[in-house]
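Read the structure below first, then the notes.
Heavy-atom basis, side chains included; hydrogens, waters and symmetry copies ignored.
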Amino acid sequence: MKITGIILAGGKNLRMGKNKAFLEINGRRIIDRTKDLFLEIFDEVLVVTNSPLEYVDLNLRLVADLTPDKGSLGGIYTGLFHSSHSHAFVAACDMPFLNPSLIRYLSRLAPKFDIVIPKTSDGFQPLHAVYSQTCLPFMAELLRQNDLKIIDFFPRVEVGEVPTEEILPFDPDLKAFLNVNTPEDFKKIGPPPT
């Protein structure tokens, strides 16, 4: 089954004070790590961004939010809308430790569900999940209501929850779900931002 890879790069980076996607870990920008990983797994990769000029050097297809200022839900909706395939794996641009084996595992489960989503002790991981285009009308309804909580449409679709015990063989430390929101987060995983 062909799946699109979607990188969400539409955040305002308020808490970090700079573009999180361009933070470097071991000399490589997070966005470049994600791009290379996605190109290895998916035959189509999209970046959802409202600042396309920042991402031109990636040589990936860039799409602007269909519904600006609607957070991650708006970004997922936009990427899924523009996807050439019925399913798409979505990740945020500030997740430095994405795990290809885990992503492939989630993708293999995709044909059976509208959403395949890890669920850890922190709850659902909506920015590390596979979504089907069958979700689009339900997402659109939430966006119209300005209800930006991604999981609010889950009761209306077929959700494949992937529990922690299924994730651990691929990612024993659950590092795949780490994201870098603040300078403090970044200090925990790498050198301080300059």
Worksheet item: For atom CZ of Phe81, is the number of surrounding heavy atoms from other residues, nucleotides or ligands below 6.0 Å larger than 12?
Response: no

Worksheet, complete the sentence: Ala88 and Leu80 have their tightest heavy-atom pair at CB-CD1, 3.8 Å

Fill in: Pairwise side-chain contact, Ser121 with Thr164, heavy-atom cut-off 4.5 Å (strictly under)
no

Worksheet item: Do Phe113 and Val130 come close enough that some side-chain heavy atom pair is under 4.5 Å?
Response: no

Worksheet entry | side chain to side chain contact (heavy atoms under 4.5 Å, CB included) between Ser72 and Ile150, worked out | CA-CA 8 Å; Ser72 298; Ile150 297 167; 3.8 Å; yes

Worksheet entry | Backbone of Asp65 reached by a side-chain donor or acceptor of Asn50 within 3.5 Å | yes

Discussion item. For the CG atom of Leu60 and the CD1 atom of Ile6, what is their distance to the nearest 0.5 Å?
Written reply: 12.5 Å

Practice prompt. Answer yes or no: is there a donor N or O on one side and an acceptor on the other, between the side chain of Asp147 and the main chain of Lys149, under 3.5 Å?
Written response: yes

Worksheet entry | Closest non-hydrogen atom pair, Met95 against Ala92 | SD-N, 3.5 Å

Worksheet item: Are the ring centres of Tyr55 and Phe22 closer than 6.0 Å?
Response: yes

Worksheet item: Between Thr67 and Arg144, is any pair of side-chain heavy atoms under 4.5 Å apart?
Response: no

Fill in: Distance (rounded to the nearest 0.5 Å) between Ile30 CD1 and Leu98 CG
9.5 Å

Fill in: Donor-acceptor under 3.5 Å (Thr78 side chain, Gly74 main chain)
yes

Practice prompt. Compare every heavy atom of His87 with every heavy atom of Ser83, then report the nearest pair and how far apart it is.
Written response: OG-O, 4.2 Å

Worksheet item: Any donor and acceptor pair, going by atom type alone, linking the side chain of Gln125 with main-chain N or O of Ile117 inside 3.5 Å?
Response: no

Practice prompt. Decide side chain to side chain contact (heavy atoms under 4.5 Å, CB included) for Thr49 and Glu54; before the verdict, give the C-alpha distance in whole Å, the side-chain angles of both, and the deciding distance to 0.1 Å.
Written response: CA-CA 9 Å; Thr49 177; Glu54 290 187 66; 6.0 Å; no

Worksheet entry | Any donor-acceptor N/O pair, Asp114 side chain to Val157 backbone, under 3.5 Å | no

Practice prompt. Over 60° means perpendicular and under 30° means parallel, so classify the ring planes of Tyr131 and Phe153, tilted if in between.
Written response: tilted

Item to complete: Report the C-alpha separation of Leu143 and Leu66 in whole Å, then their side-chain angles, then the decisive distance to 0.1 Å, and conclude whether the side chain to side chain contact (heavy atoms under 4.5 Å, CB included) test is met.
Response: CA-CA 11 Å; Leu143 291 168; Leu66 294 169; over 6 Å; no

Discussion item. I need the Leu174 CG to Ile167 CD1 distance, nearest 0.5 Å.
Written reply: 6.0 Å

Fill in: Rounded distance (nearest 0.5 Å) linking atom CG of Leu102 with atom CZ of Arg104
11.5 Å

Fill in: Side-chain donor or acceptor of Lys112 paired with backbone N/O of Gly160 under 3.5 Å
no

Item to complete: Measure across Phe154 and Val159 and return the closest heavy-atom pair with its distance rounded to 0.1 Å.
Response: O-CG2, 3.6 Å

Worksheet item: How about His85 and Asp43: do any of their side-chain heavy atoms sit closer than 4.5 Å?
Response: yes

Discussion item. Is the shortest side-chain heavy-atom distance between Phe138 and Leu142 below 4.5 Å?
Written reply: no

Response to the item:
Tightest non-hydrogen contact, residues Pro52 and Leu62, listed as O-CD1, 3.4 Å

Item to complete: Check for a donor-acceptor pair, side chain of Asn99 on one end and backbone N or O of Phe170 on the other, with a separation under 3.5 Å.
Response: yes

Practice prompt. Taking the side chain as every heavy atom from C-beta outward, state whether Phe89 and Ile41 have any atom pair closer than 4.5 Å.
Written response: no

Discussion item. Once rounded to the nearest 0.5 Å, what's the spacing between atom NZ of Lys70 and atom CE of Met139?
Written reply: 15.0 Å

Discussion item. Evaluate Asp36 against Glu40 for side chain to side chain contact (heavy atoms under 4.5 Å, CB included), listing each step before the verdict.
Written reply: CA-CA 6 Å; Asp36 292 348; Glu40 189 185 302; over 6 Å; no

Fill in: Any side-chain heavy-atom pair of Ile76 and Leu127 under 4.5 Å
yes

Discussion item. Check this for me, if you would: do Glu44 and Lys2 make a salt bridge, where the nitrogen-to-carboxylate-oxygen distance has to be below 4.0 angstrom?
Written reply: no

Worksheet entry | Min side-chain heavy-atom separation His128-Leu106 under 4.5 Å | yes

Worksheet item: Nearest heavy-atom pair of Ala110 and Met1: which atoms, and what distance?
Response: CB-SD, 4.2 Å

Worksheet item: From Cys93 SG over to Leu8 CG, what is the distance, rounded to the nearest 0.5 angstrom?
Response: 8.0 Å

